[in-house]
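Data block below; observations after.
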Amino acid sequence: MELALLPWVLLLLATVPGSGPKPTAGVQSSCAQRCGDRNGTCSCHPTCSGLHTCCTDFQSFCLEVSPYSGSMMGGKDFVVQHFKHPSATAGVICRFKDSIQTLGHMDSLGQVHCVSPLLYESGRVPFTISMDNGLSFPHAGTWLAAHPYKVLDTEKAQLVNETRWQYYGTPGTSTGNLSLTWNASVLPTEAVNIELWGYEETGKPYSENWTAKWSYLYSLGTRVPNSGSFTFTPKPASDSYQRWKVGSLRIVSSRHYSGEKDVQAIWTNDHALAWHLGDDFRKDSVAWAREQCYAWEELEDQLPDFLKELPDCPCTLAQARADSGRFFTDYGCDIEQGSVCTYHPGAVHCVRSVQASPRYASGQQCCYTKAGTQLLTADSMGGSTPDRGHDWGAPPYRTPPRVPTMSHWLYDVISFYYCCLWAPECSRYMQRRPSSDCRTYRPPRLASVFGDPHFVTFDGTNFTFNGRGEYVLLESPLSYLRIQARAQPGTFNGTAARGTGLTAVAVQEGGSDVIEVRLAGAAGVLEVLLNEKLLSFSELSWMDLKGLFLSVAAKDKVSVMLASGAGLEVSTQGPFLSVSVLLPEKFQNHTQGLLGTLNGDRGDDFTLRSGKVLPLNSSDRELFQFGADWAVHNASSLFTYDSWSLVYDFLYRPKHDPAFTPLFLDEVTLSGSQVEEAIRVCGDDHFCNFDVAATGSLSVGNATRMAYQLHQHRLQSLQPVVSCGWLAPPSNGYKDGNKYLEGSTVRFICNNGYSLAGAETSTCQADGTWSMPTPQCQSGRSYTVLLSIIFGVLAVVALVSVIYVLRRRKGTM
């Protein structure tokens, strides 16, 4: 099944009406100043399109744009859809976040265009448009600003051999040309300027005057033919530009003056500006980089210790990939993309903590070897390194160290170039960016719903509840987390089944955005809604939203990562949805709903709203009443009702349909041939067998079996493991082995000229301690050398003795 690639728009309150449609003040038949409002004689809510209740000027005031997203670096031209101004105007102004203005224009077809500005944040950015040169801004919409590395490469200019750009001036890379390429059709101009922009953060760190700024530095070329490529020979920049070490190239039409802000443009990736550094760098890049490394080291020692508030890494690669609520694939080292781990040699996969740390906005990184164990900086330059600035930034963004990608570059990446790539001082960097081990890591708890529908609670209780309606899967007062599900019966081979399956799931945490994932139509197309509006993933598969991150890594699976560390995954399995919920340990004793009470005690999983607890041996009819008790209330529903069928079926009728009678376990019967087929497909999987009986479909039963297997596999991946933590090698010696989990053994060896005093090996024990401490390597001849000398002397003595005896015998003959 595939995601529907539909246009989307997020609606915000329009301001004072200007030119264009001008409704009479106070009249409820217009969307002026009413975007998002359901009331009145017509609707301005996103659901009005499906209900056919929109005001006639809905699309004029509540805007939809294409494209809907672009890099936060700005320069992207987008068009307002379904809105044409009745007369030509030269006064189009686009205002973002009520403060950043860019010049728009009307094309020959009367369509209104805007250009996205350079921003210091990712996520949804509200904008308004004025058609009267800034007198009023009545037209409103939302732009989605993305992390530069999460937009398509086709939207960026490419540094040809990017590594060479970032090593230019170092030994072996100090001469020759550099080239870049771009899609010339993006810029409708005959000539372009190639500009260098630099990024810096100034002011006292972690103070109110700590600011982030992109600055135009100089042009590499002006009035360059817009051919899609440019080659030049780098020359050292003047001293006045040497303080910028990180930056990006921008390509703009030569009609604009140098450094003109917020115009249509194409940017390269941000990168280390080795190629622009001065003669002192080119004369002796190692000495220059070493000096920068020492300066960074001195600054780091004055800054707060951010490491203490970072989460510990998962112990194994399996845990890291399964704990998707708190950790997500690092695009710089992805096993699914061939494990090209440039900065982490020896690793096959890395993950980053999804959320930045609460106080310092820092990020955790965890890397793993082919064997599935952690790769630590204490053992290897390729080990994982935590980040003072989270690569993805952190709300409210805009100020250091919360600026996506750029704060990370200044405090974690360029310093890696100084100490590790341009100078042999990597031990200094690793000392201040040590890998986290996993001694305090606790895997999340997993609960799942799948098939007709079958539930596995956080504490491992299995049951089936196939009611028809909308139900509470999970509520938690800890973070005001709510997850709700809609269940509907299916039709198989023309016959309505006596079972149901999940067709929609909705989630919200506190004041976060609301995400709903649902099946649409008989074809089972997967749709995602944000605050009751359909999303499109034709441009981005990752979205930074309010209080959560949203990822669609595959067309049949959606992942929601919430601020609390909770995770929700929704996928299609057969004709229904399959749901997995991950909760960190802090949710212990803070959950209720159909997924049970997370506390390690299965005995209270069937707790009603009233607090009454049903016993584990309750009949399936009693459990049916338990499920019905957790029906959603209309006032607290998170679902979208954007069709009249949904309105009538779930908004006007009871949330739990009392007229629907499902198939109960004691009614399950199969004919002789069905039994044989079910055994062949299901084996001893009782969930699969039940679904074959309830739906009459072997494919449905098989989908249920596969979903349950996925749950069991993930549950196995999340099993706790014991770590004894990193074990140091002896001074004047080394160790063989870098695995620190239960059962692992480390062997110690001394350098030549030293002897081992202590145990030769140490094993990680079940209680999390090492069987023996690290031994010492004492000065003096090693035992191996001493034994060699002893045996050598003995051999010489034996040889002399043999010769003496032979000579005596010869003399007596």
Side-chain angles (χ1 to χ4, degrees), residues 7-37 42 44-46 54-121 123-145 188 252-253 255-257 260-265 398 533:
W8 71 283
V9 60
L10 302 171
L11 307 178
L12 299 174
L13 184 65
T15 55
V16 180
S19 59
K22 296 184 178 181
T24 305
V27 173
Q28 295 295 294
S29 59
S30 170
C31 284
Q33 303 182 51
R34 291 186 55 231
C35 286
D37 185 7
C42 56
C44 302
H45 190 268
C54 297
C55 297
T56 56
D57 58 4
F58 171 69
Q59 293 180 329
S60 295
F61 287 103
C62 306
L63 305 180
E64 182 177 342
V65 299
S66 178
Y68 61 79
S69 68
S71 169
M72 69 181 207
M73 297 301 293
K76 187 80 170 283
D77 176 82
F78 62 87
V79 182
V80 178
Q81 302 290 291
H82 317 300
F83 170 56
K84 294 184 179 181
H85 200 260
S87 59
T89 177
V92 180
I93 297 178
C94 309
R95 185 168 66 187
F96 296 79
K97 296 184 71 70
D98 293 327
S99 60
I100 306 170
Q101 295 190 168
T102 67
L103 290 178
H105 72 277
M106 286 181 60
D107 62 23
S108 59
L109 300 177
Q111 297 180 117
V112 177
H113 293 243
C114 289
V115 174
S116 64
L118 170 61
L119 297 164
Y120 294 79
E121 62 185 295
R124 294 184 298 152
V125 178
F127 71 89
T128 53
I129 296 178
S130 170
M131 302 299 295
D132 54 12
N133 207 29
L135 295 178
S136 62
F137 290 83
H139 312 277
T142 301
W143 175 252
L144 183 60
V252 297
S253 170
R255 295 193 303 269
H256 300 293
Y257 63 82
E260 184 175 351
K261 292 184 178 180
D262 300 327
V263 295
Q264 189 174 0
R398 290 176 286 182
K533 182 66 181 180

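- The shortest heavy-atom contact between Val112 and Met106 is CG2-CG, 4.2 Å.
- Cys62 has its SG atom 2.5 Å or further from the SG atom of Cys31.
- Summarising the geometry of Arg34 relative to Cys55, their closest heavy-atom pair is NH1-SG, 3.6 Å, with the distance given to 0.1 Å.
- Remark: side-chain polar atoms of Thr102 are paired, donor with acceptor, to backbone N or O of Val115 under 3.5 angstrom.
- Rounding to the nearest 0.5 Å places CZ of Phe58 at 8.5 Å from CD of Glu64.
- Using modelled atom types, one side-chain atom of Lys76 and one backbone atom of Ser69 make a donor-acceptor pair closer than 3.5 Å.
- Taking each heavy atom of Arg255 and Pro188 in turn, the nearest pair found is NH1-O, 3.7 Å.
- With values rounded to the nearest 0.5 angstrom, Phe96 atom CZ is found 7.5 Å from Ile129 atom CD1.
- Looking at residues two or more places apart in sequence or on another chain, you find a ring pair (Phe, Tyr, Trp, His ring centres under 6.0 Å) between Phe78 and Phe127, Trp143.
- When all heavy atoms of Asp57 and Ser30 are compared, the pair lying nearest together is OD2-OG, 2.5 Å.
- Evaluation of the side chain to side chain donor-acceptor pair (under 3.5 Å) rule for His256 yields Glu260 as partners, not counting sequence neighbours.
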| Full working for side chain to side chain contact (heavy atoms under 4.5 Å, CB included) between Val92 and Met131 | CA-CA 5 Å; Val92 180; Met131 302 299 295; 3.8 Å; yes

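- A donor-acceptor pair is defined here as one N or O able to donate and one able to accept, closer than 3.5 Å; such a pair exists between the side chain of His139 and the backbone of Ser60.
- Between Ile93 and Gly134, the shortest heavy-atom contact is CD1-N, 3.7 Å.
- More than 12 heavy atoms of other residues, nucleotides or ligands sit less than 6.0 Å from atom NZ of Lys97.
- Rounding to the nearest 0.5 Å places CD of Gln264 at 9.5 Å from OG of Ser116.
- In this structure, Val65 and Gln81 have side chains that are not in contact, with every pair of non-hydrogen atoms separated by 4.5 Å or more.
- Residue Val79 comes nearest to His113 through the heavy atom pair CG2-CE1, 3.3 Å, listed as atom of the first residue, atom of the second, then distance.
- Residues His105 and Asp77 have side chains in contact (heavy-atom distance under 4.5 Å, counting atoms from C-beta outward).
- Annotation: Leu135, atom CG; neighbour count of heavy atoms from other residues, nucleotides and ligands within 6.0 Å is above 12.
- Within the model, atoms CG of Leu119 and CE of Met72 stand 8.0 Å from one another, a figure rounded to the nearest 0.5 Å.
- Considering only heavy atoms from C-beta on, Lys261 stays 4.5 Å or farther from Leu118 through its side chain.
- Per the SG-SG cut-off, Cys54 and Cys44 are not bridged by a disulfide [distance not under 2.5 Å].
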